[in-house]
Amino acid sequence: MLNKGYGYPPEFIDRVRNASNIVEIARNYLPLRQKGQDFWACCPFHSEKTPSFAISAPKQFYYCYGCHESGNVFKLVMKMENLSYPEAVAMLAKKANLEIPQTTNNSEWLKTRQKRDRLHQALAMARDFYCRNLYLPQNQSALDYLHQRGIDDELIKMFHIGYSDSWQGVVDELKQHGISEQTMHDAGIVAMREDGKRVWDAQFERITFAIHDVYGNCIGFTGRTMKKDDNLAKYKNTAETEVFNKSNIVYGVDVMKNLTRGKHTNGLIVVEGNVDEIAMIKHGFVNTVACMGTALTKFHAGIMRRFGEMVYLCLDGDNAGQNATLKSIDTLQDAGLIVKVIVLPNGQDPDEFLSTNGAEAMQKMIDNSIGGLEFKLDYIKKHSDLNDNVGKTAYINRVVELLAKVPNPAERGLYLRGIADTVGIEVDDLKEAINAQVAVLQKNIKNTISSGDKTHNKHNNVDYHGSSGKSPTVNVSQKIIKAERSIIWGILHNQPYVRFNAENKISFTNPIFQKIYEQNLKLNEIDDKLDENELQEIAPLRAVDTGHTIEELESDWRQCYKTLVDEQKRKVSKSDNLKQNMTEKEWLANYQRMAEQRINKQLNKLSNQKAEDEENGDKTN
């Protein structure tokens, strides 16, 4: 996140905008088809089969006729890359080779960015050094190993695979290009002794797989040893750095973007490791990325949402891989993605399966993939002892707990008969148990939201006259409170359905909510515009997990938005009617009274100032 007050000069914003053709920028994300002066594609912000997303080259503006999403090149990059406004400006400036100006407000952030750029530069130099090393005669064994694994020279080049053959080779190479040992250490390229007097290559005698972020910057390496030594880890990743965080990395996303540009893909396939990713790409599954052997995080899900609404999980078939699959299903579904699971036989990983069975067999496995809920139910069944009533009861409890969280009763119903037959009970008994658990969950959610309402209730009685006297208060209905909270919840949680109509301005009874709403309209980073007390007050609302599907949340949000729009129109209409019902004489009297109040306020201010000046003069004398 950027520091508060990044403060780009307006002329710099104009330079970046003029240098960033929205059509060319959009081509990085979408296959465009030109019709006249406009370019068309299927909208990336909602599901559709017929293109309704139009980009106007003359106006440098986009608009979707389906979901009404619109904006300029900055907003397009913000939405596609999940960036804040200043981050989108910085990204486009870098693409246009424009130097970001330093101001008083953004100097600290600029220093941080410049340091990250130095780390990326050092990592790119190390990557290129390893790649050249791989083809040296003395390293033929490493090259042969890759070829034997089915990784040919084209794939080696595509994925920037290299080899580290000495303790000091990369150190000497980078020093020749002015890279300090400290920078190498900060980038994770070298390990350093505690006293800082000696460094050495962190990937010594390992095949190196370069790792890049979604923008193509080299951020680290995975090293694979060829030695058969149980004391050595088979794979070794770069240590955590400012640019390398394993839980945030989608391996191969840069390759996938290049291979799928301008093509329609039916979602993403997610595998576990580097070699699995390379094997899938080799066999034609170009819409594949890898998660570096970890369960998926919200960060992963945010990146994956840019490339479609469907994700196929194809993680390893061992226990660790299956557990990662279970966790990843929830994470992806919470982000609004549709999840299917590819179940490979005999605990195989994708590389092993493809080597044995080929691409056609893998395609059949993809076609026969199962939904996330079905995978969870199968997993529970496989890991339950159904030979006695104790085991069956435990199985039923786990199944009931899972199905109660499925909001669609029809979807739950698809599995009830099979589950009931498995344990020999009636479907109605299973339904009754699920409905009881649903009631418990709904009560818990209601209690959570109610406790969060304390934040709002502090502002429900608004005193328009300050604390100087007893004033009439404004009683806010629970319907309006609920609507306001729903609107702000959607903004704070970056929900994709949050879209405001510029013609329908709304106002909030809670001043913090009003501030969040206004900053969102300006495309500002919310946290940058709130002080510490305000951030603490909205923390409970941020923590609320509704337990609803994305479709239910969207429907509720739109209804709440309509409630606030209607309320605003009612207020305006009431005010207009009041004006119309006043006689000219009454209106003039009211206007005169207001004017007198303003004048008296100014006179009092001047009188107080004069008294203060006289008092200060007496003290001076």
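Sequence positions, counted from 1, serve as the residue numbers for this chain. None of the values given here were measured: they were computed from a predicted structure.
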Using side-chain heavy atoms (C-beta onward) and a distance below 4.5 Å, is [X] in contact with [Y]?
{"X": "Val73", "Y": "Tyr62", "value": "no"}
{"X": "Leu332", "Y": "Lys327", "value": "no"}
{"X": "Val89", "Y": "Phe74", "value": "yes"}
{"X": "Phe375", "Y": "Val343", "value": "yes"}
{"X": "Leu315", "Y": "Val271", "value": "no"}
{"X": "Phe12", "Y": "Ile100", "value": "yes"}
{"X": "Lys340", "Y": "Val311", "value": "no"}
{"X": "Cys64", "Y": "Ser70", "value": "no"}

### Task
Check step by step if side chain to side chain contact (heavy atoms under 4.5 Å, CB included) holds for Glu432 and Asp428.
CA-CA 6 Å; Glu432 185 176 345; Asp428 288 342; over 6 Å; no

Minimal non-hydrogen separation, [X] against [Y], with atom names:
{"X": "Val406", "Y": "Arg412", "answer": "O-NH1, 2.6 Å"}
{"X": "Ile22", "Y": "Ser56", "answer": "CG2-O, 4.3 Å"}
{"X": "Cys42", "Y": "Leu30", "answer": "O-CD2, 4.1 Å"}
{"X": "Asn287", "Y": "Met256", "answer": "CA-CG, 3.9 Å"}
{"X": "Ser328", "Y": "Ala324", "answer": "OG-O, 2.7 Å"}
{"X": "His300", "Y": "Asn248", "answer": "NE2-C, 3.7 Å"}

### Query
Considering residues at least two apart in sequence or located in another chain, which fulfil the side-chain contact (heavy atoms from CB on, under 4.5 Å) criterion with Asn397?
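Asn397: side-chain contact (heavy atoms from CB on, under 4.5 Å) contacts with Thr393.
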
### Set of residues satisfying side-chain hydrogen bond (donor to acceptor under 3.5 Å, both in side chains) with respect to Glu411, sequence neighbours excluded
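If we apply the side-chain hydrogen bond (donor to acceptor under 3.5 Å, both in side chains) test to Glu411, skipping adjacent residues, there are no hits.
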
### Task
For Asn435, enumerate each residue passing the side-chain hydrogen bond (donor to acceptor under 3.5 Å, both in side chains) test, keeping only those at least two apart in sequence or located in another chain.
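Applying side-chain hydrogen bond (donor to acceptor under 3.5 Å, both in side chains) to Asn435 gives none.
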
### Expected output: side-chain Ser486 to main-chain Ala483 donor-acceptor under 3.5 Å
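No; zero donor-acceptor contacts below 3.5 Å.
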
Spatial distance of atom [atom1] ([X]) from atom [atom2] ([Y]) [nearest 0.5 Å]:
{"X": "Lys431", "Y": "Leu403", "atom1": "NZ", "atom2": "CG", "answer": "12.5 Å"}
{"X": "Tyr415", "Y": "Asp378", "atom1": "OH", "atom2": "CG", "answer": "9.0 Å"}
{"X": "Leu268", "Y": "Leu313", "atom1": "CG", "atom2": "CG", "answer": "10.5 Å"}
{"X": "Phe53", "Y": "Leu76", "atom1": "CZ", "atom2": "CG", "answer": "5.5 Å"}
{"X": "Met310", "Y": "Ile269", "atom1": "CE", "atom2": "CD1", "answer": "11.5 Å"}
{"X": "Gln437", "Y": "Leu402", "atom1": "CD", "atom2": "CG", "answer": "11.0 Å"}

Should the pair [X]-[Y] be classified as a salt bridge under the 4.0 Å nitrogen-to-oxygen rule?
{"X": "Asp566", "Y": "Arg570", "answer": "no"}
{"X": "Asp38", "Y": "Lys59", "answer": "no"}
{"X": "Lys515", "Y": "Glu518", "answer": "no"}
{"X": "Glu69", "Y": "Lys75", "answer": "yes"}

### Query
Is the distance between the ring centroids of Phe61 and Tyr63 less than 6.0 Å?
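Phe61 vs Tyr63: aromatic centres not under 6.0 Å.
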
### Task
Can you establish whether the number of heavy atoms outside Gln568 located under 6.0 Å from its atom CD is more than 12?
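Count over threshold, so yes.
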
### Query
More than 12 foreign heavy atoms under 6.0 Å from CD of Gln60: is that the case here?
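Yes - once you tally the heavy atoms of other residues, nucleotides and ligands closer than 6.0 Å, there are more than 12.
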
### Query
Taking atom types as modelled and ignoring hydrogens, do the side chains of Thr509 and Glu484 form a donor-acceptor contact shorter than 3.5 angstrom?
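Indeed, the side chains of Thr509 and Glu484 share at least one donor-acceptor pair under 3.5 Å.
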
### Query
Between the side chains of Tyr561 and Asp556, does any donor sit under 3.5 Å from an acceptor?
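No, no side-chain donor-acceptor pair sits under 3.5 Å.
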
### Task
Carefully, step by step, assess Thr422 and Lys392 under the rule side chain to side chain contact (heavy atoms under 4.5 Å, CB included).
CA-CA 9 Å; Thr422 296; Lys392 288 179 180 179; over 6 Å; no

### Cation-pi, Tyr395 ring and Lys381 (6.0 angstrom, 45 degrees)
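Geometry flag: not set, cation outside 6.0 Å or 45°.
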
### Message
Pair Leu373, Leu377 - check side chain to side chain contact (heavy atoms under 4.5 Å, CB included), show working.
### Response
CA-CA 6 Å; Leu373 178 59; Leu377 291 169; 4.2 Å; yes

### Task
Specify whether Phe508 and Phe513 have parallel, tilted or perpendicular ring planes, treating 30° as the upper limit for parallel and 60° as the lower limit for perpendicular.
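If you compare the ring of Phe508 with that of Phe513, the planes turn out perpendicular.
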
### Task
Start with the C-alpha gap between Lys382 and Tyr379, add the side-chain angles, then the distance that decides, and say whether side chain to side chain contact (heavy atoms under 4.5 Å, CB included) holds.
CA-CA 5 Å; Lys382 289 176 183 176; Tyr379 183 90; 5.9 Å; no

